[in-house]
Amino acid sequence: MLNDADCGFCMRTGALVPRLGVDIDIDTIQSADLAALGVDPVRAMTEMPFVHPDGRVVYGHEAWAAVLRPGPLPWRLVGRLMTSRAGAPLAQSAYFWVARNRSRLPGGTPSCAVEDR
């Protein structure tokens with residue numbers, strides 16, 4: 001999971017992941033070797049990337065689903081629902097709403113604003 005180190009909201013939500021019982025590696029887009037990981041640096045500034053162990057990269061709601069899937073119930077089910085045919089449109093819309101408004105959410109600052117990216 002790669003977070004934006006310049007965004008307090010992103011860092012705050014990243015810190016929440018271990019408290020959900022999910023054991024994954026968390027790094028920042030600023031400190032990771034994005035080229036070596038196959039992460040699009042432009043896209044990473046507006047959508048959170050997740051790099052699977054096999055090297056596949058997913059972004060946004062699919063990244064959050066990948067974060068939650070190895071976790072305990074109910075998070076595992078939430079992760080599956082987020083990429084299901086029924087749940088993906090809602091998860092994608094919710095993700096983009098949060099991303100557009102992250103500067104206004106708890107932990108957010110003006111530097112979190114997507115339009116500044």
Side-chain angles (χ1 to χ4, degrees):
M1 174 181 181
L2 298 172
N3 284 326
D4 182 353
D6 295 331
C7 177
F9 176 76
C10 295
M11 296 304 291
R12 188 176 189 169
T13 56
L16 175 69
V17 170
R19 294 197 320 236
L20 298 177
V22 178
D23 183 24
I24 61 165
D25 293 331
I26 301 173
D27 203 349
T28 65
I29 57 176
Q30 288 82 357
S31 64
D33 185 346
L34 300 183
L37 294 171
V39 173
D40 177 343
V42 174
R43 192 170 180 189
M45 294 306 292
T46 57
E47 293 181 81
M48 182 189 80
F50 179 87
V51 182
H52 286 273
D54 67 4
R56 286 180 303 120
V57 180
V58 292
Y59 298 86
H61 78 285
E62 291 179 345
W64 269 107
V67 166
L68 296 174
R69 272 192 219 111
L73 290 174
W75 305 118
R76 187 176 331 142
L77 295 175
V78 171
R80 290 184 185 276
L81 179 63
M82 289 173 71
T83 55
S84 71
R85 179 175 286 190
L90 177 60
Q92 184 177 34
S93 293
Y95 180 87
F96 283 122
W97 183 89
V98 169
R100 280 190 309 274
N101 292 286
R102 66 188 188 179
S103 63
R104 296 179 199 79
L105 297 173
T109 64
S111 66
C112 299
V114 171
E115 52 273 1
D116 291 344
R117 306 293 166 148

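Only this structure's heavy atoms are used, side chains among them; waters, hydrogens and symmetry mates stay out.
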Looking at Ala5, is its backbone amide N or carbonyl O close enough to the side chain of Asn3 to form a donor-acceptor pair, meaning the two atoms are under 3.5 Å apart? no

For the student: nearest non-hydrogen atoms of Cys10 and Asp4, plus distance: CB-O, 3.8 Å

Under the ring pair (Phe, Tyr, Trp, His ring centres under 6.0 Å) definition, can you give me all pairs with a residue in residues 1-48, not counting sequence neighbours? none

Enumerate the salt bridge (charged side-chain N to carboxylate O under 4.0 Å, His left out) contacts for residues 32-57, please, sequence neighbours excluded, ordered by first and then second residue. Arg43-Glu47, Asp54-Arg56

Shared ILVMFWY cluster between Met1 and Val98, side chains joined below 4.5 angstrom? no

Can you confirm whether Val58 sits close enough to Pro49 that some side-chain heavy atom of one is under 4.5 Å from a side-chain heavy atom of the other? no

Please confirm whether the backbone N or O of Pro70 pairs with a side-chain atom of Arg76, one donor and one acceptor, at under 3.5 Å? no

After noting the C-alpha distance and the side-chain angles of Glu62 and Tyr59, does the key distance pass the side chain to side chain contact (heavy atoms under 4.5 Å, CB included) rule? CA-CA 6 Å; Glu62 291 179 345; Tyr59 298 86; over 6 Å; no

Residue pair Thr28 / Leu2: nearest heavy atoms and the distance that separates them: O-CD2, 4.1 Å

Does the side chain to side chain contact (heavy atoms under 4.5 Å, CB included) test come out yes or no for Leu68 and Leu20, once each step is laid out? CA-CA 9 Å; Leu68 296 174; Leu20 298 177; 4.0 Å; yes

Same cluster for Val67 and Leu16 if Ile/Leu/Val/Met/Phe/Trp/Tyr side chains link at under 4.5 Å? yes

On a heavy-atom basis, the closest approach of Ser103 and Ala113 is CB-N, 3.7 Å

Tell me, please, which residues at least two apart from Leu90 pass side chain to side chain contact (heavy atoms under 4.5 Å, CB included). none

Tell me, which pairs form a side-chain hydrogen bond (donor to acceptor under 3.5 Å, both in side chains) where one or both residues lie in residues 12-22, sequence neighbours left out? none

Looking only at heavy atoms, which two atoms of Gly21 and Pro72 are closest? And how far apart? O-CD, 3.4 Å

Among residues at least two apart in sequence or on other chains, which ones pass side chain to side chain contact (heavy atoms under 4.5 Å, CB included) with Pro18? Ile26

Sequence neighbours left out, what passes side chain to side chain donor-acceptor pair (under 3.5 Å) with Thr109? Give chain and number order. Ser111

Distance from Ser93 atom OG to His61 atom NE2, nearest 0.5 Å? 9.0 Å

Quiz: residues 77-88 side-chain donor-acceptor pairs under 3.5 angstrom, not counting sequence neighbours:
| residue | atom | partner | partner atom | Å |
| --- | --- | --- | --- | --- |
| Thr83 | OG1 | Arg69 | NH2 | 2.8 |
| Thr83 | OG1 | Arg80 | O | 3.4 |
| Ser84 | OG | Leu81 | O | 2.9 |
| Ser84 | OG | Gly87 | N | 3.0 |

Hits for ring-ring contact (aromatic ring centres under 6.0 Å, His included) against Phe50, two or more places apart or cross-chain, chain-then-number order -> His52

By the definition side-chain contact (heavy atoms from CB on, under 4.5 Å), identify the one residue from Met45, Arg102, Met48 that meets it with Cys7. Arg102

Apply the test side chain to side chain contact (heavy atoms under 4.5 Å, CB included) to residues Val17 and Ile24: give CA-CA distance (whole Å), side-chain angles for both, the deciding distance (0.1 Å), then the verdict. CA-CA 8 Å; Val17 170; Ile24 61 165; 4.1 Å; yes

Tightest non-hydrogen contact, residues Tyr95 and Thr46, listed as OH-O, 4.2 Å

For a quick test of reading the model, state the closest non-hydrogen atom pair linking Val57 to Leu37 and the distance between them. CG2-O, 3.5 Å

